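Working notes for the structure below.
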Number of protein chains: 2
Amino acid sequence: MPKKRVTLNALTTTAVELADTDGFDALALTGVAEKLGVAASTLYTHADGVDGLKYLVAVAATRNLTETVRNAAIGASGPDALTAMGFAYREFALDHPGQFASTLLPAKLEGDELATAKLTLLGVFVLVYQAIGHSEHEARLAARATCSAIHGFLALEHTNTPSSDHDADYRFLLNALQHGLLHTHAASQT
Amino acid sequence: MPKKRVTLNALTTTAVELADTDGFDALALTGVAEKLGVAASTLYTHADGVDGLKYLVAVAATRNLTETVRNAAIGASGPDALTAMGFAYREFALDHPGQFASTLLPAKLEGDELATAKLTLLGVFVLVYQAIGHSEHEARLAARATCSAIHGFLALEHTNTPSSDHDADYRFLLNALQHGLLHTHAASQT
DNA sequence: ACCTGAACACCGTTCAAGT
DNA sequence: ACCTGAACACCGTTCAAGT
């Protein structure tokens, strides 16, 4: 019998997979333990219960999302980059529903892993707005507004009454936001 | 001993209260039953398990939110009405976190109570945009975009990295969206 | 028709005991 | 240091039995 050893990496990976499969809320120590071939109580050596496990998933998911969005941003300039990022964000949410849901988990301590992961994600948007010509303050406002709008759309997309064309709705939202942000930018420069 | 009788109304009210107190996810048959003074199994006479209970909460919450937003819309015209609705929405979310969270629950059947409640809420926004001069199609797009953005902001407001001024952030988002929607409106008319 | 209590399954958590 | 299995609490759900 080979001794069963659990690494933090294997634990996280398995938890992320299970979250995407069964839903983030349904993520259970039992399921992860079974998939890893260990007793459920073993997981307390590596994570702080079910909340600790969900925290691990949230951190990994936020980082994965950040990388996806960042990759979408390269190679396109300004406004096009924003649209590309928006659609990459959406694709991530559709492909990884559990990871997307985990994004809502609040950070515990200011400056902890999850908090910094969230800041990094926001930072990608900030950079794009700065590249367009916004000041840092404006860019931060614009980035927060954009992330809020995107998250809201994706969260409601599958819960709300079915629209005829979600794709068009999303494009409309991104466009309106973009024009609105350009407006405030122009207004602040006059 | 007076016989304990549970009405659907008392059940819903208690569940809504408990959702706001303990969180929508933590809503439990046990807690509701205890607060009503009956055995947990009794609740199966009135609701279809825990999911049925959450469904009841979601319907009630959506209706409450709709009334709040509708009330905020009267007495102000056009753009001002939209801002007022946005802030009423936010106040509702802050005061009733459980009800706000229940808003994310998807409707089961098309045309069921929850689906129509969601449509009614959206309808309030549609009406305002029509009053401003948008066509019905445009108004529907604008309403969906607005609801998405508002929901996203409120969902992330307490989970994301603390901003210096959430109030300003929210105002900024509502403003940008409003200007962006006016832009697309103007563009489609030229 | 509505309510109760017993019963069972399932999950989270702790802990003494093994290696 | 890491893993196990027993133990316990808690919640959801079902059902036969009461009124």
Side-chain angles (χ1 to χ4, degrees), chain A residues 1-61 97-98 101-102 104-106 108 114, chain B residues 1-61 97-98 101-102 104-106 108 114:
Chain A
M1 303 291 173
K3 306 209 175 189
K4 313 249 178 74
R5 287 199 118 261
V6 175
T7 66
L8 190 61
N9 231 304
L11 177 62
T12 306
T13 306
T14 307
V16 165
E17 282 174 18
L18 248 155
D20 279 333
T21 304
D22 301 352
F24 182 64
D25 290 339
L27 185 61
L29 287 175
T30 323
V32 176
E34 191 185 10
K35 216 170 178 186
L36 287 171
V38 295
S41 53
T42 304
L43 302 185
Y44 283 81
T45 311
H46 306 278
D48 195 8
V50 113
D51 287 339
L53 197 70
K54 290 187 173 176
Y55 183 88
L56 287 176
V57 172
V59 173
S102 79
L104 262 170
L105 197 134
K108 289 304 161 197
L114 186 51
Chain B
M1 303 292 172
K3 307 209 175 190
K4 312 249 176 76
R5 286 199 120 262
V6 175
T7 67
L8 191 60
N9 232 302
L11 177 62
T12 305
T13 305
T14 308
V16 165
E17 281 174 17
L18 248 155
D20 279 334
T21 304
D22 301 352
F24 183 64
D25 290 340
L27 185 61
L29 288 176
T30 322
V32 177
E34 191 185 8
K35 215 169 177 186
L36 286 172
V38 296
S41 52
T42 304
L43 303 185
Y44 283 81
T45 311
H46 306 279
D48 194 8
V50 113
D51 288 339
L53 196 69
K54 290 187 172 175
Y55 183 88
L56 287 177
V57 172
V59 173
S102 79
L104 263 169
L105 197 133
K108 290 303 162 198
L114 185 51

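So that the names make sense, note that chain A is the first sequence line, chain B the second, and so on, each numbered from 1. Nothing here was measured: the structure is a model prediction, and the numbers come from that model.
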Subject >> B/H46 NE2 to C/dC3 C1', straight-line distance once rounded to whole Å >> reply: 8 Å

Subject >> Atom pair distance, as rounded to whole Å: CG in A/L11 and C1' in D/dC3 >> reply: 14 Å

**OP:** Could you work out which one of C/dT13, D/dC3, C/dC3 sits closest to the side chain of B/T42?
**Re:** C/dC3

Original post:
Does C/dC10 pair with anything, Watson-Crick or G-U wobble, both distances under 3.5 Å, and if so, with which nucleotide?
Top reply: none

Subject >> Rounded interatomic separation in angstrom, taking CG from A/L27 and C1' from C/dG12 >> reply: 13 Å

Original post:
Please give, in whole Å, the distance from D/dG12 P to B/D51 CG?
Top reply: 10 Å

Original post:
Taking only side-chain nitrogens and oxygens of B/T30, does any of them come within less than 4.0 Å of OP1 or OP2 of D/dG12?
Top reply: yes

**OP:** Taking B/Y55 for its side chain and B/L114 for its backbone only, find out whether a donor-acceptor pair lies under 3.5 Å.
**Re:** yes

Subject >> From B/T12, B/L18, B/T14, residue fulfilling side chain to side chain contact (heavy atoms under 4.5 Å, CB included) relative to B/V16 >> reply: B/T12

**OP:** Tell me which nucleotide among C/dC2, C/dT13, D/dG12 gets nearest to the side chain of B/T45.
**Re:** C/dC2

**OP:** Would you kindly give the OH-to-P distance between A/Y44 and C/dT14, to the nearest whole Å?
**Re:** 6 Å

Subject >> Other residues, nucleotides, ligands: >12 heavy atoms within 6.0 Å of B/D22 CG >> reply: yes

Original post:
Does the base of D/dG12 carry an N or O that pairs as donor and acceptor with the side chain of B/S41 under 3.5 Å?
Top reply: no

**OP:** Output the distance between atom CG (A/L56) and atom OG (A/S102), rounded to the nearest 0.5 Å.
**Re:** 11.0 Å

**OP:** Calculate the interatomic distance between A/L53 atom CG and C/dC11 atom P; express it in whole Å.
**Re:** 14 Å

Original post:
To the nearest Å, how far apart are B/L8 CG and C/dC3 P?
Top reply: 12 Å

**OP:** Enter the distance from A/L8:CG to A/T13:OG1 here, rounded to the nearest 0.5 Å.
**Re:** 9.0 Å

Subject >> Spacing of A/L43 atom CG relative to C/dT14 atom C1', expressed in whole Å >> reply: 14 Å

**OP:** Looking only at side-chain atoms of A/V50, point me to the closest of C/dT13, D/dT4, D/dT13.
**Re:** C/dT13

Original post:
Taking a pair as Watson-Crick or G-U wobble with both distances under 3.5 Å, which nucleotide is matched to C/dG5?
Top reply: D/dC15

